[in-house]
2 protein chains.
Amino acid sequence: MAAKLNLDKLDLQIIHEMMENAEISYAELGKKLFVSGGTIHVRIKKLQELSVVKGTKLHVDLKQLGYDVIAFIGIYLEKSSLYDSVARELQKIPEIVRLNYTTGNYSMFAEIVCKDINQLRFVLHDELQKIKGIERTETFISLDESLNRNVQVFKE
Amino acid sequence: MAAKLNLDKLDLQIIHEMMENAEISYAELGKKLFVSGGTIHVRIKKLQELSVVKGTKLHVDLKQLGYDVIAFIGIYLEKSSLYDSVARELQKIPEIVRLNYTTGNYSMFAEIVCKDINQLRFVLHDELQKIKGIERTETFISLDESLNRNVQVFKE
DNA sequence: ATTGAAAGAGTCTCAGT
DNA sequence: ACTGAGACTCTTTCAAT
């Protein structure tokens, strides 16, 4: 699965820079990394072909858009084998933005983003309780997000 | 804090589209939403000034880059008041990519991304155990990520 | 593989509506 | 507030190294 990609320092530097700011021009990024804009272009094209780079996404302030509640949900399943069917049901709930099958206490771990506590309660009470296979859930509401960053793919 | 922003349908549609693909041109996006490219431009400028839009980020495949392990860590503190100092220490660990102060069982909740299990063990054993104020931790290793998406800011 | 230049495409500004 | 056109900047291609 994880093929030998053989990415060099420049590749990682480009990814590192653009993971924070994808708007920078090739010329400017080239200047920063001491190569020409053309080289940046060639490398990015290569990274896209290797599907290391999958595109760019707009970064928005969710609070400004009225999404004030982030919560994490630990989910206990009646049987582990129900994972796929429960995952399929959870996927239908747009407020669920992330879902992981995990080791440890919980069978699965979800993240949910809501406009307010009422909406969170609605999803937890009305939508989650309907799903067959969920034994019980534990909810952790985020009171403060002190860190949210990318992995550091290049250091030094 | 959450000021009255008065965003209309078009603003939300632009955000919705560009949250998935920020590379689309103004002309093309305008065609899709039945306005001119100039209007798209004006709206995006407005959204940037309101700091609803904070920029664009490169979307990369972390597995391809060798980051194979995602884990979640529930952290119990000796005293809740230690949150700030513990958060400051956790921030120094580059593998920790997210940190939330939460209600419920745990005092705080972290997400960590590592190249392999050895690196995860190193962070958990060597780095986390050094931090004063952490009582104990529970780790949930992700075996499968079945969902990772953005909030749906516009529907219909 | 990298470069620099030319062609093509996109962004940004602005006067008109 | 939206539009379209012109000025400007960036991306993309390509021949040379």
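Below, chain A is the first sequence line, B the second, and so on; all start at residue 1. All values reported here derive from a predicted model rather than from experimental measurement.
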Nucleotide D/dC10, atom P - distance to CG of A/Asn21 in whole Å: 13 Å

Same apolar cluster: B/Ile112 and A/Val153, side chain cutoff 4.5 Å: no

Ring center gap for A/Phe109 and B/Phe109 short of 6.0 angstrom: yes

Value in whole Å for how far the C1' atom of D/dA1 lies from CG of B/Leu10: 11 Å

Cluster overlap A/Val151 with A/Leu50, hydrophobic side-chain contacts below 4.5 Å: yes

Sugar-phosphate, base or nothing in reach of A/Thr39, heavy atoms under 4.0 Å: base

Check nucleotides 15-17 of chain D for protein N or O atoms closer than 3.5 Å to its own N or O atoms and list the pairs.
none

N or O in side chain of A/Arg43 less than 4.0 angstrom from C/dT2 OP1/OP2: yes

Under-3.5 Å N/O pairs linking protein and nucleotides 12-14 of chain C:
unit_1	atom_1	unit_2	atom_2	d
C/dC12	OP2	B/Tyr26	OH	3.4
C/dC12	OP2	B/His41	NE2	3.3

B/Glu28 CD - C/dG10 P separation (whole Å): 8 Å

Of all pairs that satisfy salt bridge (Lys or Arg N to Asp or Glu O under 4.0 Å), the ones with a partner from residues 106-121 of chain B, not counting sequence neighbours: A/Arg98-B/Glu111

Between CG on residue B/Leu33 and CG on residue B/Leu10, distance to nearest 0.5 Å: 6.0 Å

Atom-to-atom span, CD1 of B/Ile44 to P of D/dA1 - whole angstrom: 17 Å

Separation of atom CG in A/Leu29 from atom C1' in D/dT11, rounded to whole Å: 14 Å

Rounded distance (Å) that lies between atom P of D/dT3 and atom NZ of B/Lys31: 15 Å

Options D/dT3, C/dG10, C/dT3, nucleotide nearest the side-chain atoms of B/Ser25: C/dG10

Protein-nucleotide distance (B/Lys9, atom NZ; D/dA1, atom C1'), rounded to Å: 17 Å

Whether over 12 other heavy atoms sit under 6.0 Å from A/Lys46 NZ: yes

Test: A/Glu89 and A/Lys92 ion pair at under 4.0 Å: yes

Residue B/Val35, side-chain atoms from C-beta onward, closest of C/dT3, D/dT11, D/dT3: D/dT3

Atom-pair distance (CZ on B/Phe34; P on D/dT3), nearest Å: 12 Å

Distance-minimising heavy-atom pair for A/Leu58 and B/Ala22: N-CB, 3.8 Å

Exercise: do B/Gln91 and A/Ser146 side chains pair donor with acceptor under 3.5 Å: no

